[in-house]
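These notes concern the structure reproduced below.
Chain letters run A, B, ... following the sequence lines, proteins first and then strands; every chain starts at 1. Only this structure's heavy atoms are used, side chains among them; waters, hydrogens and symmetry mates stay out.
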There are 2 protein chains.
Amino acid sequence: MPRPPSAMRRQILDSALRLFAEHGFKGTSLHDIAVEARCSKASLLYHFAGKDAILTELLTPPAEALSAMGEELAALTGGQAVEAAVTGYVGLAMRFHLEVKIIFAELPDMLGHPVLAVIPRAVDQLAAALAGRRDEPRARVAAQMVIGGVAVTVAADVDAEPATMRDELVRGALRTLGHPTGLS
Amino acid sequence: MPRPPSAMRRQILDSALRLFAEHGFKGTSLHDIAVEARCSKASLLYHFAGKDAILTELLTPPAEALSAMGEELAALTGGQAVEAAVTGYVGLAMRFHLEVKIIFAELPDMLGHPVLAVIPRAVDQLAAALAGRRDEPRARVAAQMVIGGVAVTVAADVDAEPATMRDELVRGALRTLGHPTGLS
DNA sequence: GTCAGCTCTGACCGATCGGTCAGCTACGGT
DNA sequence: ACCGTAGCTGACCGATCGGTCAGAGCTGAC
């Protein structure tokens with residue numbers, strides 16, 4: 001039965017991603033994942049060092065992408081930074097919407113996780129860019145509202161075309177930030 | 001030693017609220033609460049029927065308040081509904097910010113909880129009011145962004161005066177919704 | 001044919017979980 | 001002085017958790 005070298009590995013990751021997003025990391029047991037992936041619990045631990053290793057492998061890509069975006073944003077200023085931050089963040093959030101759900105669901109513990117150690121710095125850079133490098137409460141609160149609003153909206157099951165969703169998220173975020181735009 | 005009739009009960013609730021908000025419901029054990037409240041685990045279960053009963057008692061007030069707000073909003077229309085929804089929701093979120101954190105942290109499971117059974121209806125009413133009774137994707141996405149943005153911002157530890165925070169949350173939400181206002 | 005090695009599994013382990021129970025202590029009513 | 005009862009606790013319970021281990025089953029190299 002164990003034919004393709006590592007099809008099971010991918011299947012475990014897919015199942016874990018779905019279950020973590022739906023029930024949270026702590027709310028999902030290795031048994032749950034094994035049932036979903038149609039293998040034994042011991043098989044999970046043959047492919048992965050432990051439950052935590054599965055999470056790490058799932059969250060590494062979005063963490064690296066967010067970190068890279070943070071560094072790029074740090075080089076921009078003013079209006080350029082705001083627009084790049086909004087479009088970049090919305091794109092990332094949509095691409096990794098299940099991972100976003102996992103991270104936001106257990107934020108405090110996740111931030112203590114090694115693989116997500118880069119997040120505070122990246123989020124600071126993102127927030128600073130969204131705030132247009134301004135430090136007034138208005139800009140800081142608005143930036144935080146965008147970060148949360150986009151994440152929650154993407155994680156929720158709003159029925160809308162991805163393209164429409166993306167467009168409206170960007171417009172909505174720019175409105176929140178009070179950023180002037182050619183459109184309404 | 002057990003002098004005041006029920007000081008321990010309050011202390012258990014306070015400790016549980018703090019710990020649930022910080023580590024999540026599933027991430028907090030009865031032992032953790034007992035240590036924080038400086039009593040035995042068995043004492044917790046003398047005062048409360050179980051871990052779930054503690055959560056129920058903590059979440060009942062915000063659930064009832066949200067439900068009541070939803071019904072009030074259902075009676076309003078257009079611009080009135082939008083403004084009432086924004087100020088009402090921001091007020092509720094700030095008053096119950098720790099409870100909001102608990103609910104948002106484990107949303108899927110929380111929505112299955114009996115005491116929060118009223119939430120979907122209330123949130124639908126809130127979203128409809130925020131969207132100004134309009135059904136276009138733009139209004140629906142913006143409403144969802146406000147719901148998430150306010151909740152996450154209030155749950156995060158943004159250092160700002162409560163009055164300022166409240167003011168900026170309301171203004172930010174109205175900007176997100178594209179709702180015209182006399183101020184910037 | 002046979003042997004080495006990768007994949008996978010059932011049985012099992014200690015730790016921790018939420019919850020139960022018998023009983024101790026101290027106070028208020030009589 | 002006695003007792004009922006409310007408040008509280010240590011000891012204990014079964015279930016479930018993440019994780020270990022010896023070995024079965026299959027495959028490709030020789």
For the side chain to side chain contact (heavy atoms under 4.5 Å, CB included) test, which of A:Asp14, A:Thr28, A:Leu19 pairs with A:Glu36?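 Among the candidates, only A:Leu19 passes.
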
So if I apply the side chain to side chain contact (heavy atoms under 4.5 Å, CB included) rule between B:Ser67 and each of B:Val118, B:Val123, B:Ile119, which one comes out positive?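 Among the candidates, only B:Val118 passes.
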
Can you measure [X] atom [atom1] to [N] atom [atom2] for me and round it to whole angstrom units?
| X | N | atom1 | atom2 | value |
| --- | --- | --- | --- | --- |
| B:Met8 | D:dT9 | CE | C1' | 11 Å |
| A:Lys26 | C:dT16 | NZ | P | 16 Å |
| B:His23 | C:dT16 | NE2 | P | 16 Å |
| A:Ile33 | C:dT9 | CD1 | P | 15 Å |
| A:Phe48 | D:dT20 | CZ | P | 15 Å |
| A:Leu45 | D:dG19 | CG | P | 6 Å |
| B:Lys51 | C:dT20 | NZ | C1' | 18 Å |
| B:His31 | D:dC12 | NE2 | C1' | 16 Å |

Salt bridge (charged side-chain N to carboxylate O under 4.0 Å, His left out) with A:Lys26: which of A:Asp32, A:Asp52, A:Asp109? A:Asp109

In this structure, are over 12 heavy atoms from other groups packed under 6.0 Å from B:Arg121 atom CZ?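 Counting neighbours around CZ of B:Arg121, 12 or fewer heavy atoms of other residues, nucleotides or ligands fall under 6.0 Å, so no.
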
Heavy-atom neighbours of A:Arg38 CZ exceed 12 at 6.0 Å: no

So, do A:Phe48 and A:Thr56 sit near enough that their side-chain heavy atoms are less than 4.5 Å apart?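 No. Closest side-chain heavy atoms not under 4.5 Å.
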
Within 45 degrees of the axis of the six-membered ring of A:Phe20 and under 6.0 Å from its centre: does A:Lys51 put its NZ or CZ there?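 The answer is no; the distance or angle limit is not met.
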
The side chain of A:Ser29 is closest to which nucleotide in this list: D:dG19, D:dG18, C:dC17? D:dG18

Is any side-chain N or O of B:Tyr46 closer than 4.0 Å to OP1 or OP2 of D:dG7? yes

Taking only N and O in the side chain of B:His47, is any of them less than 4.0 Å away from OP1 or OP2 of D:dC8? yes

Any residue of residues 36-44 of chain A with a heavy atom less than 4.0 Å from an atom of DNA chain C: A:Cys39, A:Ser40, A:Ala42, A:Ser43

Please determine, for D:dC30, whether a Watson-Crick or G-U wobble partner exists with both distances under 3.5 Å, and give it or none. C:dG1

